[in-house]
Amino acid sequence: MNDLRELYQEVILDHSKNPRNFREMADANRSAEGHNPLCGDRVTVFLHMDGDKIQDVSFKGNGCAISTASSSMLTEMLKGKTQKDALEIFHTFHHLVTGQDEEANAVDLGKLGIFEGVKEFPLRVKCATLGWHTLVAALENKHEVVKTE
Ligand code: ZN
């Protein structure tokens, strides 16, 4: 458990200081905005879809270390995936951070597994999932701002 906690802090720190795919996307064909009023996190997710495939994904925003790191890791994980794969990963991740039993067909979350510890902190769950909810809104082409409340 201590190892996991250390790894968690290391990865969160790395991704929050050095977020991957942190940019606006000029040729995005989908985007959505999210806001977590409890913490003040704001994020915009940009997608370039090629049919059903996520050709490119990036994000911009201002938020705490957890929301930034989570969005950063999301973009790394989802590039090249299909919409269906992305939604499966989202559902598995959501179950992990809310402490629900993993589904039998849960996908391998790889590095995202470090977020498991977040389930002890309900307020942090909103930070960790903001980017994901926003991503889903972008995939579904929703235009209203996503709120975690
Ligand atoms: Zn936050």
Considering non-hydrogen atoms only, spot the tightest contact between [X] and [Y] and give its length.
| X | Y | result |
| --- | --- | --- |
| I54 | A86 | CD1-CB, 3.9 Å |
| G34 | T134 | CA-OG1, 3.4 Å |
| K60 | E24 | CG-N, 3.6 Å |
| T148 | P37 | OG1-CD, 3.7 Å |
| E88 | V107 | OE1-CG1, 3.6 Å |

Quick check: does any side chain N or O of [X] sit under 3.5 Å from a backbone N or O of [Y], one acting as donor and the other as acceptor?
| X | Y | answer |
| --- | --- | --- |
| H48 | D27 | yes |
| S72 | R20 | yes |
| D41 | C64 | yes |
| S58 | R23 | yes |
| T68 | A65 | no |

With clusters defined by side-chain heavy atoms of hydrophobic residues (ILVMFWY) lying less than 4.5 Å apart, directly or transitively, does [Y] cluster with [X]?
| X | Y | result |
| --- | --- | --- |
| V136 | M25 | no |
| M49 | F46 | no |
| L13 | Y8 | no |
| L130 | L139 | yes |
| V43 | V146 | no |

| Does the ring centre of F22 sit less than 6.0 Å away from the ring centre of F59? | yes
| Given W132 and I89, is the side chain to side chain contact (heavy atoms under 4.5 Å, CB included) satisfied, shown in steps? | CA-CA 10 Å; W132 288 91; I89 294 168; 3.6 Å; yes
| said: Counting only heavy atoms not in N62 (residues, nucleotides, ligands), do more than 12 fall under 6.0 Å from its CG? | reply: no
| Of T129, V125, T98, which is the lone residue that meets side chain to side chain contact (heavy atoms under 4.5 Å, CB included) with V118? | V125
Quick one: [atom1] on [X] to [atom2] on [Y], what's the gap to the nearest 0.5 Å?
| X | Y | atom1 | atom2 | answer |
| --- | --- | --- | --- | --- |
| R124 | L38 | CZ | CG | 10.5 Å |
| R30 | E140 | CZ | CD | 9.5 Å |
| I114 | E10 | CD1 | CD | 10.0 Å |
| I66 | S16 | CD1 | OG | 9.5 Å |

| said: Under the criterion side chain to side chain contact (heavy atoms under 4.5 Å, CB included), I'd like the reasoning laid out for R42 against S67: C-alpha separation, chi angles, the key distance, then a yes or no. | reply: CA-CA 9 Å; R42 287 186 183 274; S67 72; over 6 Å; no
| Heavy-atom distance under 4.5 Å between the side chains of L123 and C39, does that happen here? | no
| request: Identify whether the distance between the nearest side-chain nitrogen and carboxylate oxygen of E116 and K119 falls below 4.0 Å. | output: yes
| N-O pairing of D85 and K53 below 4.0 Å | no
| So F93 and F115, would you call those rings parallel, tilted or perpendicular, with 30° and 60° as cut-offs? | perpendicular
| message | Between Q83 and L87, is the side chain to side chain contact (heavy atoms under 4.5 Å, CB included) condition met? List the steps. | response | CA-CA 6 Å; Q83 176 153 347; L87 290 174; 4.3 Å; yes
| task | Go through L135 and L47 one step at a time and tell me if the side chain to side chain contact (heavy atoms under 4.5 Å, CB included) criterion holds. | result | CA-CA 8 Å; L135 167 94; L47 289 172; 4.0 Å; yes
